[in-house]
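Numbers restart at 1 for each chain; the letters A, B, ... are given by sequence-line order, proteins then strands.
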Amino acid sequence: MSEETITLEVTRYRPGHDREPRAQTFSVPYRKDWVVLDALNHIKDRTDGTLSYRWSCRMGVCGSCGMMVNGVPKLTCAAFLRDYHPGPIRVEPLANFPVVRDLVISLDDFMEKLRRVKPWIIREVEKPVAEGEYLQTPAQLDLYKQFSMCINCMLCYAACPVYGLDPVFIGPAAIALGYRYNLDSRDEGYRIRQPILTEAVGVWDCTFVGECSVVCPKGVDPAAAIQRSKVAGAKEWFMSMLLPWGGR
Amino acid sequence: MPAEEGYRHDLLVVGGGGAGLRAAIAAAEESNRLSIAVISKVYPMRSHTVSAEGGTAAVMRENDSLDTHAKDTIFGSDFLADQDVVEAFVKEAPGEVIQLEHWGCPWSRDPDGRVSVRPFGGMTVNRTLYAADKTGFHMLHALFQTSLKYDKIVRYDEWFATSLLVEDGKVCGVAALNLHDGQVRPIAAKAVIICTGGAGRIYPFTTNAAIKTGDGMALAYRAGVALKDMEFVQYHPTGLPGTGILMTEASRGEGGYLKNKDGYRYLQDYGLGPPTDKPVHRKMELGPRDILSRCHIQEHLKGRTFEGPYGDYVHLDLRHLGEKVIDKKLPFVRELARNYVGIDPVYEPIPVRPVVHYMMGGISTDISGKTSLDGLYAAGETACVSINGANRLGSNSLTELLVFGARAGRAAARYALERPALRSNPIAQLVSDERKRLDQRFLRADGRERIADIREEMQNAMEKGVGIYRNQAEMKETCETLRKLRERFAHIGLADRDAVFNTELIAALELECLLDVAEAVAHSALAREESRGSHTRTDFPKRDDARFLKHSLAYRTPGGSRIEYLPVTITRWPPEERKY
């Protein structure tokens, strides 16, 4: 076979069998339009059916396939082999999470934290559907839109030095999503949600190095959400509501 | 009962995508006496609703009317939609999209603050709401995040339902495999709603995510419920070659052109003209998907498409829209084209070709989502409530999952409230049988057949026999191939015998579902001797209302599907020739 290949060093870990994770080396065809996920699928289909990882949409929106690629959190469906040529490429489970098996991490902690920030519209009185939509201008939409783009892929947690040291930290994505609802003109839950966010941010020493925003594949900028939540008093929030450009 | 014996709820939703979450919330709002659970093989926010791009249709403006939406939908369906269901659908659609607005969905807005609407294929007026070109993503996350406020909605994330439990002709829950410990347990429920989405993965080239393996359709089919109108498979005209990633129809709604290799807007040659600079509803690039996909094949046969490493393609040209419009209305299209084919649509046309996108058919239900099996309901793409008929109009499916997800949730809730408590013994026996089946079939089996081989051969057979154009000989061959693949599947061998997160076992279970669904598609297609909507036969090129103005019902038998028929409900729109 003259086809060019590239080497993947993939972390394997089977609970109950392996005392600790180990790397296994696989050689896969090198194709310029393949992503790391394609290489993993090739391994699973053709070489070793026991390799476990999550994936689904393969178009960067379902958030399933986050892994460490050469030490950096990436969506493997958007990480092209050509960018790591000639290899080898190290593929590991996302850092800072308990590993379930191989490249599969546990999301339990995040799921609990997501609920804690109350990521839904809170109203004192809900408007009946028959009365139609809440009006929201494009400027009001733009205020929170960026923070609504989070796909829950967990790359920001894998990059977060604070979460790495103390997993009690509520973390970048959950804070960004809580903040997103605080900024939504339809929401009246600021007083309920902000103490959760303030506490979540305040007592933890986020250094604002912004690693979370660097690795975010969707441009959400959770670091900005954390920073603004930290300094956000009611005043800043009300100002931003009155002057949509004020908070930018 | 204790955890090892299983779990017990009043109502169980299988699938945590748009339809499933809408159903769960509707049930929670219907009664606070109900215990509700959602089981999904993935975390709900990973569900494939997340990939929907273009928008969701509802009558929102003064220049529109429910009758126009109904007429467009029925016309688009090539008169195979049930018109009473369509009428209910268009009537409840506006309330559902507003409800979602109240739940925080970030719909794109007009300057005055109202939700915006855009043109879409086959629709007479602008009625497609959107959140830029990530509509499904935003809808799914709004639904999921809203569902978190209901404490009584319990979730089983990353559990795979392996079979429906049926006792005394009534559903009493599911047997389900917990991916995290490999145990199969009963999740008992008085009512079960299947919301597991489509089955695009029966084909080799699809927009559908890896998880779209028709699991719910197969569960119902095996339990004796009919799969309706399965021969109608939608090819979306604009997918990226190679990956099949969708370039949303909104690209054309916003004014994009389809051009052949001579730079010519070829749709004008197929009765869709005249070409205009600005998009005109139902004309040219805003024609319906089945027709546009056929036009692509015709262009190819005339030698006027490009040839690439992943097959023939044409150009989707957005350049004239300008960077501002593209970034505001179609940012995801730009991101995807740049990432996956290295093309920036601001400066270059995007290569596209038809790609399997949507199953018009599914689990046969009535207008409230109820199936023929007591206690079993279905909604969303996995169901066939019959609003889409032989061809779905773009942006009707997101609305469908809201309207009929909610309907199924309410109907199942009312049913569960009236039913007496379930008995434990038969459930325990049913699950014990299912454990044995899985053990023998997969975990102890040492066959030599490989999952990927069977899957690939099935996909290729489907594309060959039941693709865009079909004929009897090729369909028969596909049916025969599927029969042989089913035999080979009995000799499947798995390398992975681990309990924890055994994705090879899941892949085998999914393949078993795919084979069932593929069989229903191929047999239903073979039996329908006419051309209607997406089902185009070269040997029967005309629509034949005298013989086939009716729904196909595929029932599972050991020798393949048995096909029966069901009349179509016509209310106010008698069938006429479908011409755009």
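- Of the atoms belonging to A/L177, it is side-chain heavy atoms, and not backbone ones, that fall under 4.5 Å from chain B.
- Between A/E3 and A/Y30, the side chains place no donor N or O within less than 3.5 Å of an acceptor N or O (distance only, hydrogens not considered).
- Applying the 6.0 Å contact sphere to NZ of B/K41 captures more than 12 heavy atoms from other residues, nucleotides or ligands.
- Residue A/M111 touches chain B through its side chain alone, counting heavy-atom pairs closer than 4.5 Å.
- For a residue to count as touching a neighbouring chain, one of its non-hydrogen atoms must lie under 4.5 Å from one of that chain's; by this rule B/R450 touches chain A with the side chain only.
- Remark: the A/Y190 side chain and the A/D184 side chain contain no N/O donor-acceptor pair separated by less than 3.5 Å.
- For chain A, no part of B/I451 is nearby; none of its heavy atoms comes within less than 4.5 Å.
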Run the numbers on A/Y144 and A/R186 for side-chain hydrogen bond (donor to acceptor under 3.5 Å, both in side chains), then give the verdict.
CA-CA 11 Å; A/Y144 71 86; A/R186 298 167 290 189; 3.0 Å; yes
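- Within the structure, the side chain to side chain donor-acceptor pair (under 3.5 Å) test picks out no pair touching residues 130-143 of chain B (sequence neighbours left out).
- Ranked by non-hydrogen atom pairs under 4.5 Å with chain A, the options B/D157, B/T207, B/V97, B/L179 are led by B/T207.
- Neither the backbone nor the side chain of B/D181 comes within less than 4.5 Å of any heavy atom of chain A.
- Proximity to chain B involves both the backbone and the side chain of A/R115, based on heavy atoms less than 4.5 angstrom apart.
- Using a 4.5 Å cut-off between heavy atoms, B/R155 contacts chain A through its side chain alone, with no backbone atom that close.
- Relative to the six-membered ring of A/Y134, A/K127 meets both conditions, a distance below 6.0 Å and an angle of at most 45° to the axis.
- Ranked by heavy-atom pairs under 4.5 Å with chain A, the first of B/R497, B/H180, B/H48 is B/H180.
- Salt-bridge formation is not detected for the pair B/E510/B/R201: no Lys NZ or Arg NE/NH1/NH2 atom is positioned less than 4.0 Å from an Asp or Glu carboxylate oxygen.
- Residues in residues 39-55 of chain A take part in these salt bridge (charged side-chain N to carboxylate O under 4.0 Å, His left out) pairs, two or more places apart or across chains: A/R12-A/D48, A/D45-B/R455, A/R46-B/D453, A/R46-B/E456, A/R54-B/E158.
- Only the backbone of A/Y53 has a heavy atom closer than 4.5 Å to any heavy atom of chain B.
- Residue contact with chain A, scored on non-hydrogen atoms closer than 4.5 Å, is absent for B/S116.
- For B/H102, the parts lying under 4.5 angstrom from a heavy atom of chain A are both the backbone and the side chain.
- Environment of NZ in A/K118: sparse, with no more than 12 heavy atoms of neighbouring residues, nucleotides or ligands closer than 6.0 Å.
- For A/R58, the parts lying near chain B are the backbone and the side chain together; criterion is any non-hydrogen pair under 4.5 Å.
- Between B/L330 and B/V325, every side-chain heavy-atom pair lies at or beyond the 4.5 Å cut-off.
- Only the side chain of A/K218 comes within less than 4.5 Å of a heavy atom of chain B; its backbone N, CA, C and O stay farther away.
- In this structure, chain B has a heavy atom under 4.5 Å from the backbone of A/C150, while its side chain stays farther away.
- Contact annotation for A/V61: both backbone and side-chain heavy atoms come within less than 4.5 Å of a heavy atom of chain B.
- For B/Y340, the parts sitting under 4.5 Å from any heavy atom of chain A are the backbone and the side chain alike.
- Below 30°, between 30° and 60°, or above 60°: for A/Y179 and A/F147 the angle between ring planes is above 60°, a perpendicular geometry.
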